[in-house]
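So the structure is just underneath, and the comments pick up after that.
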Amino acid sequence: MRLTRSAYLSALRCPKKMYYQLHGQPRESGPDLAARMFSAQTRRVGELARRSVGTNPGESWSAPWGGPGGEAVAVEETARALADPSLRVIFDGAFESGGIFVRADILERLEDGVWRVRLVKSSASLKENNLNELALIKHVLGACGLRLDGFMVMHLNRGYVFSGGDYDLCGLFSIREVSEALPPSEERLLRELPRIREILEAPEPPVVSVGPQCQRSSRCDFFDCCQAGPSGSDSLGCLPETPPELLEQLAGMGIAGIRDIPADFPLNPRQRRARLSCQNGGTVFEPGLASELKVLRYPLLFVDFEASSPALPRFAGMHPFDPLPFQWSLHIQAAPGQQPRHVEFLDCGPGDPREGFIRSLVQATAGLEGSVVVYNKDFESDRLKEAAVMFPELAGPVESLRRRLWDLCAVVQNNVYHPGMCGSFSIKNVLPALLPGMSYEALPVNNGVTAGAVHYLLVENPPEDAERERLESELRQYCLLDTLAMLRLVEYLQELVAKGKAQSG
């Protein structure tokens, strides 16, 4: 069974995911919209990276993808290309040794038959995993007999400012020489390969506890498979804010679940709350919740923003990965218990959505001086701060909104825990744990990454009208639920405080 670059990285993050990936375990669904977006961006960044190398006609060659024979054909043709002295650069060269298959993004021929390797990443910085990938590539290419001298990572430059028109490829990319940084990753590779091979050859997948990491940014494709195994909300993997070293320490003490952690074991307040909640089997509230809720001033404005962050800047003045806000939802509740009013904005057209986004929001909130409730306020605060700079004539009302932000996420983190949160304070986990009748589960678009991906695909590859209407409707449903969920959670917490039930223990 072949080990690939992506499978190796999966193994370092979660060996169970690698096992499922290489053993053909059915995923929950086909490639999701976020995966399609990332693939599209990766292809486009790769194309620009190849153009930046600047070869003359006939000096470069690209290894084939797919087709009859697939990887085996690509390996054979790469070997022939390496032997052709007229080729100065090889793109996506395919190599296999010892059951490991890799592609080298860019291979540059130096003097005396020596080659330099460039890894191309559609990210904005050098990451540890980039070195892990290069270590695997170096290992396989060396085993295939290539003489290598020089390893580089080529990634997008966050400092680049797009001026419109064609990209300045010299400014768009940062190139990092990482040869001296590789040895630790190579040592890790040699240490991990025997364990990875053992896992791959095992009749059953390894035991890995379900935890918040399984739904970070977006849910793992094999989440349901893991849920079916020995796991649950009492799993140590569901202890909030827990580094691997702490999990190893607890496991080494023979502790199997959160409820079994000794009372004198040092935990932070959120972890202690989780332990008490798992022991009691219900929600734990802190007495400080009442004072947190008391500061709210009506009318309450429940606001949520959605933004895409295109790897390649779309409009003049943007940097790679600059957030591009395109949607907001607003629920307005004039007084406690009153039926809320809903207003929204969505722009999935080819033009810059930012001006329409902020002007419509200012108009919708004009004269409403109550608290602005958000979930994880840094995101909304940063978008408002950027809008005030971009549209100085709106700075007054925009800054007024920003000053009144009230972060429901922080209130929950510091005062509430239920076992059903499984260690995560994402509203996607908090909502069904505290209000079982509400959930994001049935929504086709059910997280911010997917929402950004839908916007990206609607702009970059516009579908037919019926498909566009469907996707835009799904975006509206998701953003609406975000603000309605905040409203219902606040009402729930206020009711518990009023009845004197929101007390610790």
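Keep in mind that what you see is a predicted model, and the values were worked out from it rather than measured.
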Test side-chain contact (heavy atoms from CB on, under 4.5 Å) on L487 and L300 and set out the steps.
-> CA-CA 9 Å; L487 187 151; L300 297 184; over 6 Å; no
Please report the C-alpha distance between D105 and R50 in whole Å, then the side-chain angles of each, then the deciding distance to 0.1 Å, and finally whether the salt bridge (charged side-chain N to carboxylate O under 4.0 Å, His left out) criterion is met.
-> CA-CA 9 Å; D105 298 338; R50 288 193 287 273; over 6 Å; no
Run the side-chain contact (heavy atoms from CB on, under 4.5 Å) check on V362 and F391 step by step: do they pass?
-> CA-CA 12 Å; V362 167; F391 305 102; over 6 Å; no
Please step through side-chain contact (heavy atoms from CB on, under 4.5 Å) for the pair F101 and V75, ending with a clear verdict.
-> CA-CA 9 Å; F101 175 84; V75 169; 3.7 Å; yes
Run the numbers on M438 and L481 for side-chain contact (heavy atoms from CB on, under 4.5 Å), then give the verdict.
-> CA-CA 9 Å; M438 297 184 71; L481 181 55; 3.9 Å; yes
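For R147, there are no salt bridge (Lys or Arg N to Asp or Glu O under 4.0 Å) partners, not counting sequence neighbours. The salt bridge (Lys or Arg N to Asp or Glu O under 4.0 Å) search around E369 returns none, not counting sequence neighbours. Applying the salt bridge (Lys or Arg N to Asp or Glu O under 4.0 Å) criterion to E393, with sequence neighbours excluded, gives R359. Remark: Y167 pairs with no residue by the side-chain hydrogen bond (donor to acceptor under 3.5 Å, both in side chains) rule, at least two apart or across chains. Among residues two or more places apart in sequence or in another chain, the ring-ring contact (aromatic ring centres under 6.0 Å, His included) test is passed with H155 by none. With sequence neighbours excluded, no residue forms a side-chain hydrogen bond (donor to acceptor under 3.5 Å, both in side chains) with E111. Shown here are the side-chain hydrogen bond (donor to acceptor under 3.5 Å, both in side chains) partners of E76, two or more places apart in sequence or in another chain: there are none.
Across all non-hydrogen atoms, the minimal contact from P325 to P353 is O-CG, 3.4 Å. The shortest non-hydrogen separation linking P299 to I332 is CB-CG2, 4.4 Å. Contact detail for L156 and P320: the closest heavy-atom pair is CB-CB, 4.2 Å. N130 approaches S125 most closely through the heavy-atom pair OD1-O, 3.8 Å. Considering every non-hydrogen atom in both P463 and L471, the closest pair reads CG-CD1, 4.5 Å. Contact detail for L475 and C348: the closest heavy-atom pair is CD1-SG, 3.8 Å.
Interatomic distance, L189 CG to I100 CD1, rounded to the nearest 0.5 Å: 6.5 Å. One distance of note links OG of S426 with CG of N447; it measures 8.5 Å at 0.5 Å rounding. One distance of note links CZ of F345 with CG of L361; it measures 10.0 Å at 0.5 Å rounding. Here the straight-line distance linking atom CD of E96 with atom CG of L3 works out to 10.5 Å at 0.5 Å rounding. Taking CG of L480 as the start and NE2 of H342 as the end, the distance is 4.0 Å to the nearest 0.5 Å. A distance of 8.0 Å separates CG of L330 from CG of L368, quoted to the nearest 0.5 Å.
Judged by distance alone, the side chains of S39 and R43 never bring a donor and an acceptor atom under 3.5 Å apart.
No side-chain heavy atom of L405 sits less than 4.5 Å from a side-chain heavy atom of V303. Residues I358 and M390 are not in side-chain contact: their nearest non-hydrogen atoms beyond the backbone lie 4.5 Å or more apart. A heavy-atom distance below 4.5 Å is not found between the side chains of F302 and L408. Contact check for D407 versus V411: no side-chain heavy atoms found under the 4.5 Å cut-off. At least one side-chain heavy atom of Q413 sits under 4.5 Å from a side-chain heavy atom of C409. With a 4.5 Å cut-off on side-chain heavy atoms, S360 and W328 count as touching. Two residues are said to be in side-chain contact when any heavy atoms from C-beta on lie closer than 4.5 Å; N446 and K428 fail this criterion. The closest side-chain heavy-atom distance from L172 to L312 is below 4.5 Å.
Listed for the D112 side chain is no donor-acceptor partner under 3.5 Å among the backbone atoms of V114. N157 contributes a side-chain N or O that, together with a main-chain N or O of G171, makes up a donor-acceptor pair within less than 3.5 Å. At distances below 3.5 Å, not a single donor-acceptor pair connects side-chain atoms of S400 with backbone N or O atoms of G396. No donor-acceptor pair closer than 3.5 Å links the side chain of S52 to the backbone N or O of L169. Judged by distance alone, the side chain of S179 and the main-chain N or O of F151 form a donor-acceptor pair under 3.5 Å. Remark: side-chain polar atoms of Y160 are not paired, donor with acceptor, to backbone N or O of S174 under 3.5 angstrom.
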All N/O donor-acceptor pairs, side-chain side in residues 132-146, below 3.5 Å, sequence neighbours left out:
unit_1	atom_1	unit_2	atom_2	d
N132	OD1	S185	OG	3.4
N132	ND2	N129	OD1	3.1
E133	OE1	R5	NE	3.0
E133	OE1	R5	NH2	2.8
E133	OE2	K121	NZ	2.8
K138	NZ	E186	OE1	3.2
K138	NZ	E186	OE2	3.4

Please report, to 0.1 Å, the donor-acceptor pairs under 3.5 Å made by any side chain of residues 82-91, with sequence neighbours excluded.
unit_1	atom_1	unit_2	atom_2	d
D84	OD1	S86	N	3.0
D84	OD1	S86	OG	2.7
D84	OD2	S86	OG	3.3
R88	NE	E59	OE1	3.4

Residues 373-382 side chain polar contacts: donor-acceptor under 3.5 Å, at least two apart:
unit_1	atom_1	unit_2	atom_2	d
Y375	OH	F425	O	2.7
E380	OE2	F305	N	3.1
S381	OG	R402	NH1	3.3

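Cation-pi geometry between R103 and W65 is met: under 6.0 angstrom from the ring centre, within 45 degrees of the axis.
Applying the ring pair (Phe, Tyr, Trp, His ring centres under 6.0 Å) rule to pairs touching residues 306-326 yields F326-H455, sequence neighbours excluded. Listed by first and then second residue, the side chain to side chain donor-acceptor pair (under 3.5 Å) pairs that reach into residues 456-473 are R314-E460, E467-R470, R468-E472, R470-E474, S473-Q477, sequence neighbours excluded.
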